[in-house]
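Just so it is clear: chains get the letters A, B, ... in the order the sequence lines come, proteins before strands, and each one is counted from 1.
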Number of protein chains: 2
Amino acid sequence: MKLTTKGRYAVTAMMDLALHQSDRHRVSLKSIAEHQEISIAYLEQLFALLKAKGLVRGVRGPGGGYQLTRPANEISIYEIINAVDESVDVTRCHGREDCQDGEICLTHELWTDLSSQISLFLDQLKLGEIIQSQRVREVSQRQSARCASARHTQQVAFN
Amino acid sequence: MKLTTKGRYAVTAMMDLALHQSDRHRVSLKSIAEHQEISIAYLEQLFALLKAKGLVRGVRGPGGGYQLTRPANEISIYEIINAVDESVDVTRCHGREDCQDGEICLTHELWTDLSSQISLFLDQLKLGEIIQSQRVREVSQRQSARCASARHTQQVAFN
DNA sequence: ATAATAACCAACTAATTTACTAGGTTTATA
DNA sequence: TATAAACCTAGTAAATTAGTTGGTTATTAT
């Protein structure tokens, strides 16, 4: 388990996706980039990883974009963070349990314990839960309004 | 909140300290380095931070070393990790709440929420609790034995 | 058909962080 | 007085982060 800004970007992008998608509507990286002020190219890297883990589905061409493969309630924060922070070998032992003179080290023992506790916690925390928060919804609406006005008149039907 | 290998090193070192200290006996960075296979110089950097946050006390000179300033039961994993991963500005907003057009961003809202939940969890998890684990104690004893034998005959009284 | 849109892909890069090294000074003990 | 240890400063190689650049492919609307 690792918890860095990279994971935060991924979770934020996934929140944006969950907030803006619908059956008909896919969400483009461009719109996420505008809302969240993350570069498209960086989002592309993150979504390649998220897609590889089966969390999102990409649709090409105009009107294309990304969609969650599962309901937001069934996607945990743990899954998202783990998809992008894939350095699973958080111990120097690289998963081996014989790192220290052929036996397990204290680091290993402690960190796997601690790690599994945090993982469990984050696994119970679902994307769907988080976007329920009233404050999150308020911020999201303001972001949409801001981007819509920046885009001026055209395509009112888009949001 | 950030969770990286640096924090793991700090927690591991603090565990080692908690396991080996006593009223009379301080623990030198040298012995932690031997047990945990972390370089002394790196430990020095970590302990400078831990000391700055008042988690440990250093005693100079022969027979010197470090001690916890509080009982292990009263030191949380959160405190340790936060002492060394001091990049508090986990959001790009640097603590400001007006990062996006003078208003709070979604990243900020989400991450502070999530962050505070993880922090709360890690704050309830105490150093004392973790070293109670039977497996941790077993590993620790083996480490002591290994280092004692490596040191050959001299100073048997030392461990 | 063709233009536009958006995913997808590869390679490079600056800045930061991590983990460590080197070479000291200072303080307390035996 | 020698030694052990904390304490301090500066440097550094490797890894990671957060991009940029410059494409290609697939799909849709005109």
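Look at A:R70 and A:E79 and you find a salt bridge, because one of the NZ, NE, NH1 or NH2 atoms lies within 4.0 Å of a carboxylate O, short of that distance.
For B:K6 and C:dA19, the shortest distance from a side-chain N or O to OP1 or OP2 is not below 4.0 Å. Under 4.0 angstrom from either OP1 or OP2 of C:dT18 there lies at least one side-chain N or O belonging to B:T4.
When the P atom of D:dA5 is taken as reference, atom CZ of B:F47 falls 14 Å away, rounded to whole Å. A:L29 places its CG atom 13 Å from the P atom of C:dC9, with the value rounded to the nearest Å. Atom CG in A:L46 sits roughly 11 Å away from atom C1' in D:dG19 (whole-Å rounding). Summarising the geometry, the separation between CD1 on A:I81 and P on D:dT17 is reported as 13 Å, rounded to the nearest angstrom. Straight-line distance from the CD atom of B:E44 to the C1' atom of C:dA19: 14 Å, rounded to whole Å. For the pair B:R8 CZ and C:dT17 C1', the computed distance is 15 Å after rounding to whole Å. One interatomic measurement links the two molecules: CD1 of A:I40 to P of C:dC8, which rounds to 14 Å at whole-angstrom precision. As rounded to whole Å, 15 Å separates atom C1' of C:dT17 from atom CG of B:L3.
Ranked by how close their nearest DNA chain D nucleotide is to the 5' end, A:V59 and A:Y42 are led by A:Y42.
A:H25 is not listed as a side-chain neighbour of A:Q67, based on a closest heavy-atom distance of 4.5 Å or more.
Taken to the nearest 0.5 Å, the OG1 atom of B:T12 stands 6.0 Å off from the CD1 atom of B:I38. To the nearest 0.5 Å, the span separating CD1 on B:I77 from CE on B:M14 amounts to 8.5 Å. Interatomic distance, CD1 of B:I80 versus CD1 of B:I75, reported as 6.5 Å (0.5 Å rounding).
In this structure a side-chain-to-backbone donor-acceptor pair under 3.5 Å is missing from B:S28 to B:G65.
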Protein-nucleotides 3-5 of chain C N/O pairs under 3.5 Å:
| residue | atom | partner | partner atom | Å |
| --- | --- | --- | --- | --- |
| C:dT5 | O2 | A:P62 | N | 3.3 |

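Comparing C:dC8, C:dA6, C:dC20 against the side chain of B:I38 picks out C:dC20 as the nearest. Nearest to the side chain of A:Q45, among D:dG19, D:dA5, C:dA6, sits D:dG19.
Contacts classified as ring-ring contact (aromatic ring centres under 6.0 Å, His included) and involving residues 54-82 of chain A (residues at least two apart or in different chains) are given here: A:F47-A:Y66.
Counting any heavy atom pair closer than 4.0 Å across all strands shown, B:Y66 reaches sugar-phosphate atoms only and no base atom.
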